[in-house]
**Q** 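Quick one: the structure is below, and I'll ask about it shortly.
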Amino acid sequence: MDVMGDKTTLFETGRFVQPSSREDTDTPDEAGEIADEAAEELRQRLAAEAGDVEAMSVLGAMLLRRGDLDGAEPHLRAATAAGDRAAANNLGVLLHQRGYADEAAGWWRIAAVAGSAAAAHALGRHHRERGDEPAAEYWLRQSAEQGHTLGAYALADLLEHRGDAGAEQWMRVAAERGHREAAYRLARALDRKVAREAGGDNGVQALDEVEQWYRQAAARGHRRAALHLGTILEKRGELKEAGRWYLTSAKDGEARAACALGFLLRDAGDTENAAVWWLRAAQDGDGNAANALGALHAERGETQTAERWYRAAMDAGDVNGAYNLGLLCAEQGRTAQAEQWYRRAAYAGHREAANALAILLLRGGDETGAEPWFSKAAEAGSVDAAFNLGILHAGRGEEQAALRWYERAAAAGHTEAALQVGMARLREGDEQEAERHLRCAAGGGSAEAAYRLATVLDARRPPEPAHELGEPVHRRSECEEWYERAASRGHRRAQVRVGMLAAARGDVVEAARWYREAAEAGSRNGAFNLGLLLAREGSEPEAAGWWTRAADAGHGRAALRLALVYARRGELAEGQRWADRAVALGPGSVAERAARLRDALRQELSA
């Protein structure tokens, strides 16, 4: 049974005898201890030769601890014959070490019947190793109930193996008595239970208990407990203490802790030391650390080194290694190799590799080959793959199938999918559902969703109330906030709308700013409105420049404005040209006015 090196004696003398072999450079204190031990051994030997049964038992235990089996055996046999139960237990230990397991069990039985908890523990383990679980449980329970820590742990281990509900009780008993592996395993069991039943105050209390047991085991040198304690602290934001426990665990040889410490250092901006710990973990076979090293070298442009570490991760059994190799090859334009690595990872169940493979195939024109991989990735939980399936079906005109996949991706938090669902619901007239999805998408950062949501809210907005003097009282509405959010993210139509709202408030400077931003980004409406604003402020030449930009982009009203400008200046031919342009661009009311102006200009030119 693995007790992770707990210092719990099998012997019942209560004495711990240090090995006699020392280096020649012993300190004075060590030399004094050796002298004391030698004196104690001599005293026990003299008493044993005088027939003292307890001295025989103690001397036998001392020699057994030192590895002097030949010297210990006669003393233990003599004490056992005189009825010393500790000697019977230790004689069993000696015989077990010599390879006489059945004879050892006989002496352990004698000692256990006489009340030795240590012997009952040893006998229980003997029976378990031979597959006799009922006998093992009987003797381990005898040991545990007598307060033997290792007996409690071994009984818990046996019951846990059988799925018995009593396992946790005895694991807790052993942990409370200081058994570090019991504390670790109790913490793991409680941790899993919390994960299954998370929520509420009970969940918080259970997490506190989990941390308590991890901490107890870690404090006693359990490296995996230190790793899990570090993870809990890191999640809670206590990074300094988390780092200390990761370091403790990593120094004890836990590769996962070295890897986690590397990520902690990287997040703190210390990539050099992060790489040191990742290297240590990767050399110990940690695939995650190898992937991290690969990514670090890839960022530095050291693609060959990155590839070597990704391969190392793959060799360590980490499927991310193959996926990352695919990404690396794709970035370098090595499409055939990228496909090869994506396939390897995808066949191993890597959902993002399956999605990447499908995209690669789709870009190559193989829609038939891409769809099954999108489906496989989506079924495995890839949100991007679900969204991509929606795009695939929408491209075929299969709107309902597309909507199902969009809804699935949106439910998992995909911003663009939520936008697509919102738009679909708007087309169906389900404004309430549309608003819900648009809010999700807008909250996720979609400028288009913010704009669409603003238009929905704008349509519901009642007319501005007037105060006593009949002037409108402006109150900032929610729809304006969404327009502004969309505008600040570069949405041109939202920028125009925010400009219009500012102009309505009389804030010409703010309106001009938003119109100009939209116009410079290519918005013809922004350019037209900016021209109107400038013309009202008396800057008609500059206004004409923006109207020209809008008209060239297909804005009929801007073309009509230009026709009027040139007509007033007496440049009738240029005015007629822009009037013709306005007639062609429309809409109907603009085309009608432009046609009348064009005809009038023709008459002037022909007069």
Side-chain angles (χ1 to χ4, degrees), residues 188 222-235 239 242-357 359-360 373 377 380-382 384:
R188 293 296 295 144
H222 196 295
R223 68 188 193 190
R224 284 174 290 166
L227 166 65
H228 288 288
L229 178 58
T231 303
I232 288 173
L233 293 167
E234 184 181 359
K235 287 178 180 176
L239 304 184
R244 286 201 299 270
W245 284 112
Y246 283 149
L247 180 61
T248 299
S249 181
K251 284 182 174 178
D252 285 341
E254 182 58 53
R256 290 175 297 169
C259 181
L261 181 58
F263 282 112
L264 210 60
L265 290 166
R266 182 207 62 184
D267 293 343
D270 189 355
T271 54
E272 293 305 315
N273 278 314
V276 170
W277 286 106
W278 283 333
L279 178 60
R280 183 166 174 172
Q283 288 172 338
D284 287 339
D286 189 284
N288 195 21
N291 272 313
L293 280 172
L296 185 64
H297 287 288
E299 286 172 9
R300 294 172 178 171
E302 301 163 354
T303 55
Q304 287 186 333
T305 307
E307 185 169 337
R308 179 167 62 83
W309 281 115
Y310 287 148
R311 287 179 183 274
M314 191 171 59
D315 292 341
D318 192 326
V319 71
N320 284 316
Y323 174 57
N324 289 332
L325 275 169
L327 291 174
L328 192 67
C329 291
E331 287 171 4
Q332 296 171 340
R334 295 151 59 192
T335 307
Q337 288 170 290
E339 182 180 339
Q340 169 197 340
W341 293 118
Y342 285 150
R343 280 189 187 278
R344 181 163 180 172
Y347 277 122
H350 196 293
R351 65 189 188 190
E352 298 310 325
N355 181 55
L357 175 60
I359 292 171
L360 202 66
W373 285 112
S382 171
D384 287 336

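Counting from 1, the numbers follow the sequence of the chain as shown.
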**Q** Nearest heavy-atom pair of Ala346 and Trp373: which atoms, and what distance?
**A**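 So the two residues come closest at CB-CZ3, 3.5 Å.
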**Q** First locate atom CZ of Arg280, then atom CG of Leu261, and finally report the distance between them rounded to the nearest 0.5 Å.
**A**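 The CZ atom of Arg280 sits 9.5 Å away from the CG atom of Leu261.
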**Q** What residues, two or more places apart in sequence or in another chain, satisfy side-chain hydrogen bond (donor to acceptor under 3.5 Å, both in side chains) together with Ser382?
**A**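 side-chain hydrogen bond (donor to acceptor under 3.5 Å, both in side chains) list for Ser382, sorted by chain: Glu352.
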**Q** Output the distance between atom CG (Asp252) and atom CG (Leu227), rounded to the nearest 0.5 Å.
**A**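 Between Asp252 CG and Leu227 CG, I get 11.5 Å after rounding to 0.5 Å.
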**Q** Using a 4.5 Å cut-off on heavy atoms from C-beta on, say whether the side chain of Lys251 contacts that of Leu247.
**A**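 Yes - at least one pair of side-chain heavy atoms lies under 4.5 Å apart.
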**Q** How long is the gap from CZ on Arg343 to CG on Leu360, to the nearest 0.5 Å?
**A**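 Answer for the CZ-CG pair, Arg343 versus Leu360, is 9.0 Å.
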**Q** Can you tell if the side chain of Arg256 reaches within under 4.5 Å of the side chain of Arg224, non-hydrogen atoms only?
**A**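 They are in contact (side-chain heavy atoms under 4.5 Å apart), so the answer is yes.
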**Q** Under 4.5 Å between any side-chain heavy atoms of Leu239 and Tyr246, yes or no?
**A**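 With C-beta onward as the side chain, the pair stays apart.
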**Q** Could you tell me which non-hydrogen atom of Leu296 sits nearest to which non-hydrogen atom of Ala275, and how far apart they are?
**A**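 Here Leu296 and Ala275 meet closest at CD2-CB, 3.7 Å.
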**Q** Under the 3.5 angstrom rule, does the side chain of Trp278 hit a backbone N or O of Cys259 as a donor-acceptor pair?
**A**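 Indeed, once roles are kept as given, a pair shorter than 3.5 Å links the two residues.
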**Q** If you compare all heavy atoms of Phe263 against all heavy atoms of Ala292, which two are closest, and at what distance to 0.1 Å?
**A**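 Closest approach of Phe263 to Ala292: CZ-CB, 3.8 Å.
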**Q** State the CD-NE2 distance between Glu254 and His228, to the nearest 0.5 angstrom.
**A**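 That separation rounds to 8.0 Å.
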**Q** Kindly give the heavy-atom pair with the smallest separation between Ala282 and Leu293, and that separation in Å.
**A**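 Heavy-atom minimum between the residues: CB-CD1, 4.0 Å.
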**Q** Side chains of residues 313-326: which donor-acceptor partners sit under 3.5 Å, not counting sequence neighbours?
**A**
| from | atom 1 | to | atom 2 | distance (Å) |
| --- | --- | --- | --- | --- |
| Asp318 | OD1 | Asn320 | N | 2.8 |
| Asp318 | OD1 | Asn320 | ND2 | 3.3 |
| Asp318 | OD2 | Asn288 | N | 3.3 |
| Asp318 | OD2 | Asn291 | ND2 | 3.3 |
| Asn320 | OD1 | His350 | NE2 | 2.7 |
| Asn324 | ND2 | Asn291 | OD1 | 2.9 |
| Asn324 | ND2 | Asn320 | O | 3.2 |

**Q** Look up atom CG in Leu357 and atom OH in Tyr347, then write down how far apart they are to the nearest 0.5 Å.
**A**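 Going from CG on Leu357 over to OH on Tyr347, the span is 8.0 Å.
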**Q** For Arg344, is the CZ atom crowded, meaning more than 12 foreign heavy atoms sit under 6.0 Å from it?
**A**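 Incorrect, the count does not exceed 12.
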**Q** Judged by atom type as modelled, is there a donor-acceptor pair below 3.5 Å linking the side chain of Ser249 to the main-chain atoms of Trp245?
**A**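 Checked: no pair found.
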**Q** Once you round to the nearest 0.5 Å, how far does CZ of Arg300 lie from OG1 of Thr271?
**A**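 Answer rounded to 0.5 Å: 5.5 Å.
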**Q** Can you name the side-chain hydrogen bond (donor to acceptor under 3.5 Å, both in side chains) partners of Arg311, sequence neighbours left out?
**A**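 In terms of side-chain hydrogen bond (donor to acceptor under 3.5 Å, both in side chains), with neighbours along the sequence ignored, Arg311 is linked to Glu307.
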**Q** For Ala306 and Leu328, which heavy atoms make the closest approach, and how far apart are they?
**A**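 Closest pair (atom of Ala306, atom of Leu328, distance): CB-CD2, 4.4 Å.
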**Q** Ala242 and Glu234: which non-hydrogen atoms are nearest, and at how many Å?
**A**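 Smallest heavy-atom distance, with atoms named: CB-N, 3.6 Å.
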